[in-house]
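Here's the structure we're looking at; comments come further down.
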Number of protein chains: 2
Amino acid sequence: MTNLSPRQQQILEFLRAFIEEHDYPPSIRDIQEGCGISSTSVVDYNLRKLEEKGYIRRDREISRGIELLGARGRRPRIIEVPLLGTIAAGQPIPVPTSDRWAADAEDYVPVTEDMVRGRTNVFALRVRGKSMIEDLIDDGDIVFLEPTRHADDGDRVAVWLKDRGEVTLKRIYRENGRIRLQPANSTMEPIYTTPDNVEIQGRFISSIRPSD
Amino acid sequence: MTNLSPRQQQILEFLRAFIEEHDYPPSIRDIQEGCGISSTSVVDYNLRKLEEKGYIRRDREISRGIELLGARGRRPRIIEVPLLGTIAAGQPIPVPTSDRWAADAEDYVPVTEDMVRGRTNVFALRVRGKSMIEDLIDDGDIVFLEPTRHADDGDRVAVWLKDRGEVTLKRIYRENGRIRLQPANSTMEPIYTTPDNVEIQGRFISSIRPSD
DNA sequence: GCGCCGTCCGAACGGATGTTCGCGGCAACG
DNA sequence: CGTTGCCGCGAACATCCGTTCGGACGGCGC
C-alpha cells in the first residue's frame, strides 16, 4: 500500500478536524491556510494523490466536494429512536403502534443502527431507579425496547402493573400460576403478582448511558 | 412555535436527503434545482427563515455553509472502538495497553459515545457461539469491554483460561476457593476451575448486533 | 382603493473557489 | 551533466455561489 507523505497526512488530519467542527468540508483555500501551504495548487495536487490512494472522494468542480472515505471517515447510519417517557415512575406508558407512536415522542435518541438491528418500532425510555443495576442498567440510563405483549421467562420487560398504576422494568418469571418480577439488584426483593395484573409493554433490547 | 411553510419543509427535507447522500451540504443552487424553485433568492429567503426558527445554522459568505440543527440533524459524537479479534475462539487476546492497543486493531467499530460513556480504553471483540444468548449476546455480535484485571461476582468478563489456551466470555462467580464461569445459556454447563488458571481480560460493557 | 406583509421572481454583482500552467528546487540515476 | 519524477510555488482563469435589488403577486385589514 502506498504510504502518505507528511503533507498528505497533515491534510487528511485537517480534513477530519474541520468536518468534525463545521459539519461541512473545507474549501481548498481553507486547507491551504489551515495547513500553512503557500499555494492552492499544492493542496489540489495532494488531494488528487489522496483520491488516487482511496482516502477521499472528490466531486470535481464542486466547492467543498470532498468526502472522507475509509474506516475513520465512514459515517455509521444513525437511527432516531423516539424517547417516550420515563420508566419506574408513576405514569403509564402507552405501547406505541406503528403509525402513531412517533407523535408521542418527547425527544429522539440518535444511535447507530447496530443498536436496533433487524427491529422496527423500537422505542426508548429513560430509567429511574437502580433496580436493574446488576444488568448494567443504572439510574438515568436509556433503555431500548421493542413493543410486544409476551415474553419468555428471564426476559427483561417493561410491565404495566394494574394495581399499582405504574410501569416498571424487571426480569419476568412465571412460577406455578403467578408472576415473579425480579429486579437485578440483590438488595431488592422481587415482586409477586398474578398474570391478570400485569401487562407487558415491551421487551428489553439494549441500553446506553446518555452523555448529557 | 412558529410553523414551517410547505416550501420550508420541502427545503429542510431536501437538505437532509442531500447531506445523507453526499456527506456535504448543498449549495443554494443545488437546493433551487432540487426543489424546483425558480430563483436563488427564494432559497436564500427561506433559508433565512429556517435559520430564524432554529432549524439550521448558516455560515454566511461561505459556500455550502449550512448545518442542520435540531433533533433530526444533531449528529451524535462517534467513537471508533478498535475491534481486536474474536472471543470464544482458540486465540489469546492481548489485553490492550493505553499506548499500543490501537495498533492491534483489525478494524474499528463506530458507535455513539453513549455506548462507552465515561470510559476510556474500551475495546471490542466479535463473539462466536451462543453461550451468552440469555444475556442478549448472540453469535456474531460485537461486545465492548473495558480492560480490567478484577471483577465482582456476577460480572460478565472475558477470561483467559490458561489450561485451554483460549478466551471466553462468561459470568464469573467465586465459590469457596474455586471459580465458576457461568454461561447465560440454560443448555450449557458452567466451567469450574481454579483462580490461578484464569486471567481476567476485560469486563463487559455493552453489545451490538452489527449490520454487515 | 390603499397600504402592509409574506412570498416569489429574475437579474446582476462580487467574492469564493476549483483548476490550470509555467517555473523551480531536489534527490535518484545513468 | 542531463534526465526523470516528486513536490512545491505563484499567478491567472473560469466557474461556482452567496448576496442584493427592484419588482410582482396575492391575502388581509382599514
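Chain identifiers are assigned alphabetically (A, B, ...) following the order of the sequence lines, protein sequences preceding nucleic acid strands; residue numbering begins at 1 within each chain.
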Closer than 4.0 Å, any side-chain N/O of Asn46(B) to the OP1 or OP2 of dC8(C)?
yes
Salt bridge flag under 4.0 Å for residues Glu67(B) and Arg58(B)
no
Within the pair Ser38(B) and dC9(C), is there a side-chain N or O less than 4.0 Å away from OP1 or OP2?
yes
Using a 4.0 Å cut-off on protein heavy atoms (strictly under), produce a 5'-to-3' string for nucleotides 12-21 of chain C with B for base contact, S for backbone-only sugar-phosphate contact, and - for none.
B---SBBBBB
Step through the shown structure and confirm whether more than 12 heavy atoms of other residues, nucleotides or ligands are within 6.0 Å of CD on Glu33(B).
no
Has the side chain of Gln10(B) got a donor or acceptor atom that lies under 3.5 Å from a matching backbone atom of Cys35(B)?
yes
Its 5'-most and 3'-most nucleotides having an atom under 4.0 Å from a non-hydrogen atom of chain B, DNA chain D is contacted over dC17(D) to dC21(D)
For Asn197(A), all residues meeting side chain to side chain contact (heavy atoms under 4.5 Å, CB included), sequence neighbours excluded:
Leu161(A), Lys162(A), Asp163(A), Thr193(A), Thr194(A)
Results of side-chain hydrogen bond (donor to acceptor under 3.5 Å, both in side chains) for Asn46(A) - residues two or more places apart only
Gln8(A)
Not counting sequence neighbours, which residues clear ring pair (Phe, Tyr, Trp, His ring centres under 6.0 Å) with Phe18(A)? List them please.
Phe14(A), His22(A)
Among all residues two or more places apart in sequence or in another chain, which pass the side-chain hydrogen bond (donor to acceptor under 3.5 Å, both in side chains) test with Gln182(A)?
Arg180(A)
Is there a donor-acceptor contact under 3.5 Å from the side chain of Arg171(B) to the main chain of Ala184(B)?
no
